[in-house]
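For reference, the structure discussed in these notes is given below.
Indexing begins at 1, ligand by ligand and atom by atom, following the structure's order.
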Amino acid sequence: MPFRPRYTGLIERYRSRLPVTDDTKIVSIGEGNTPLIQLNNIPKLLKYKADIYVKYEGLNPTGSFKDRGMTMAVTKAVEDGSSAIICASTGNTSAAAAAYAARAGIKAFVLIPDGKIAMGKLAQALMHGAIVIQIKGNFDDGMALVKQVSKEAPVTIVNSINPFRLQGQKTASFEIIEELGCAPDYHCIPVGNAGNISAHWMGYDEYYSDGIVKSRPVMVGYQASGAAPFLRGHMVDDPETIATAIRIGHPQSWDMAWKLQKESGGWFDECSDDEILAAQKLLTEKEGIFCEPASAISVAGLMRDINSGKIPEGSKIVCTLTGHGLKDPDTAIKQSSTPLITVDAALDAVKLAILDKI
Ligand SMILES: *Cc1c(COP(=O)(O)O)cnc(C)c1O
């Protein structure tokens with residue numbers, strides 16, 4: 001039998017490009033190495049001749065890209081002697097922090113907006129044994145509190161203001177380049193705090209600066225209309241959207257994101273909640289890919305920019321699908337139009353139900 005070494009996570013794979021030493025004890029759950037899936041049916045529907053790929057980050061261990069950053073943040077926190085981490089979260093950061101803290105045997109404190117977090121994410125944080133503090137406020141309130149608390153208590157912040165987070169997340173760009181053999185022309189990505197778009201740019205820029213690729217992609221960041229500070233040009237105080245993962249009005253990586261937008265020749269745009277849900281459904285029904293609402297905005301925005309001609313035919317495009325659809329079953333079931341059929345447990349009844357639909 002041919003031997004293939006066991007994949008043991010992104011720090012091991014990209015050791016030389018990350019701030020670790022030979023002595024660093026790595027905290028990993030096998031994150032990274034996610035599939036880059038080419039869309040087959042959506043481009044046909046759009047009558048669009050180009051290569052569209054989705055980077056399915058929902059297939060990370062806790063179901064979102066946050067694991068890429070968390071393996072680095074927790075590895076470094078432990079290396080620096082910390083025994084507790086803290087974060088504010090719209091859900092996925094808390095799930096990742098809880099899991100990696102469990103793996104490392106340290107404590108995780110997570111602040112989440114009361115009632116505005118998807119059920120799957122809450123279940124994860126609780127099951128992994130994090131101390132979950134619901135605040136009567138939104139993510140931005142939580143973030144401000146976490147910054148203050150970390151000055152007064154021995155806890156390490158693992159939000160994306162922790163620079164190790166972006167170091168871990170930049171590896172998604174390395175994987176994309178290695179699989180495509182080049183950088184894509186456009187990279188479309190959801191924007192909340194703008195940490196991930198910044199991390200992707202760092203990754204692309206690193207391979208470009210080292211001469212591994214000859215170009216960098218145009219970076220396109222999409223925000224939900226009710227939570228779109230990059231479109232308004234200023235912070236937003238009461239962000240609202242069904243895409244709870246990007247329900248953020250005060251992005252922490254504001255300056256970095258504007259800088260990369262200019263450097264990459266990219267832009268920001270916004271999508272309505274209806275457009276987001278329509279794209280989520282299209283991906284599940286036409287491609288078999290189930291992502292959460294916040295993730296689907298990258299495809300919702302892309303479709304609009306394709307239709308308007310902003311992104312020309314013949315382009316090579318990557319969309320990041322940031323989190324798994326199972327994270328938010330409530331939103332999914334509520335918007336599903338597929339009827340649920342109930343019949344007697346009898347052959348006749350089942351046969352009739354099937355023949356009726358063929
Ligand atoms: C965190 C998150 C985002 C936003 O990423 P930022 O780095 O905050 O811009 C988007 N989608 C999902 C599913 C997330 O969990």
Side-chain angles (χ1 to χ4, degrees), residues 31 34 54-70 73 87-99 110 112-113 116-118 120-122 124-125 138-140 142-143 158-163 165-170 172-173 187-203 219-224 227-230 239 241-254 256-258 260-261 268 271 276 279-280 283 290-301 319-328 331-332:
E31 58 295 314
T34 56
V54 293
K55 180 75 168 156
Y56 195 10
E57 292 286 273
L59 293 190
N60 274 295
T62 79
S64 87
F65 75 83
K66 299 297 198 301
D67 294 346
R68 289 184 187 272
M70 208 52 76
C87 64
S89 177
T90 57
N92 283 329
T93 302
S94 68
V110 305
I112 55 170
K116 289 286 185 180
I117 152 172
K121 304 174 188 180
L122 183 60
Q124 288 178 293
N138 60 28
F139 168 85
D140 302 307
M143 193 65 236
V158 294
N159 280 103
S160 55
I161 55 169
N162 176 326
R165 277 276 310 274
L166 300 202
Q167 284 294 315
Q169 287 167 217
K170 76 181 180 186
S173 299
H187 189 122
C188 303
I189 190 165
V191 172
N193 268 314
N196 208 27
I197 192 171
S198 303
H200 276 77
W201 183 246
M202 282 168 52
M219 300 298 294
V220 187
Y222 297 111
Q223 298 212 284
F230 284 101
T241 169
I242 192 144
T244 50
I246 50 172
R247 188 171 169 268
I248 292 169
H250 291 240
Q252 297 297 312
S253 296
W254 179 257
M256 237 190 299
W258 281 118
L260 77 87
Q261 176 262 321
F268 296 107
C271 295
I276 291 170
Q280 185 195 21
L283 278 163
F290 191 20
C291 67
E292 65 172 288
S295 312
I297 200 171
S298 57
V299 171
C319 294
T320 298
L321 299 183
T322 44
H324 203 288
L326 290 173
K327 292 271 191 178
D328 192 353
T331 304

query = Given the rule in the side chain to side chain contact (heavy atoms under 4.5 Å, CB included) test, do M219 and H200 qualify, once you have shown the distances and angles that lead to the verdict?
reply = CA-CA 9 Å; M219 300 298 294; H200 276 77; 3.9 Å; yes

Excluding sequence neighbours, so at least two apart, what forms salt bridge (charged side-chain N to carboxylate O under 4.0 Å, His left out) with R165?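 Once residues adjacent in sequence are excluded, R165 has no partner under the salt bridge (charged side-chain N to carboxylate O under 4.0 Å, His left out) criterion.
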
**Q.** Side chains of E57 and N196, donor plus acceptor under 3.5 Å
**A.**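 Distance-only check fails for E57 and N196.
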
With a 4.5 Å heavy-atom cut-off, do I117 and T244 have their side chains touching?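 With C-beta onward as the side chain, the pair stays apart.
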
N/O pairs closer than 3.5 Å, ligand 1 and protein:
{"residue": "ligand 1", "atom": "7 (O)", "partner": "G195", "partner atom": "N", "Å": "3.2"}
{"residue": "ligand 1", "atom": "7 (O)", "partner": "N196", "partner atom": "N", "Å": "2.8"}
{"residue": "ligand 1", "atom": "8 (O)", "partner": "N193", "partner atom": "N", "Å": "2.8"}
{"residue": "ligand 1", "atom": "9 (O)", "partner": "G192", "partner atom": "N", "Å": "2.8"}
{"residue": "ligand 1", "atom": "9 (O)", "partner": "N193", "partner atom": "N", "Å": "3.2"}
{"residue": "ligand 1", "atom": "9 (O)", "partner": "A194", "partner atom": "N", "Å": "2.8"}
{"residue": "ligand 1", "atom": "11 (N)", "partner": "T322", "partner atom": "OG1", "Å": "2.8"}
{"residue": "ligand 1", "atom": "15 (O)", "partner": "K66", "partner atom": "NZ", "Å": "2.6"}
{"residue": "ligand 1", "atom": "15 (O)", "partner": "N92", "partner atom": "ND2", "Å": "2.7"}

field: Sequence-distant partners of T241, side-chain contact (heavy atoms from CB on, under 4.5 Å), two or more places apart
entry: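 side-chain contact (heavy atoms from CB on, under 4.5 Å) check on T241 returns A224, A227, A243, R247, D273, I276.
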
Practice problem: Output all residues satisfying side-chain contact (heavy atoms from CB on, under 4.5 Å) with S89, sequence neighbours left out; order by chain, then residue number. | Solution: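 Per chain and number, S89 pairs via side-chain contact (heavy atoms from CB on, under 4.5 Å) with C87, T93, S94, I112.
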
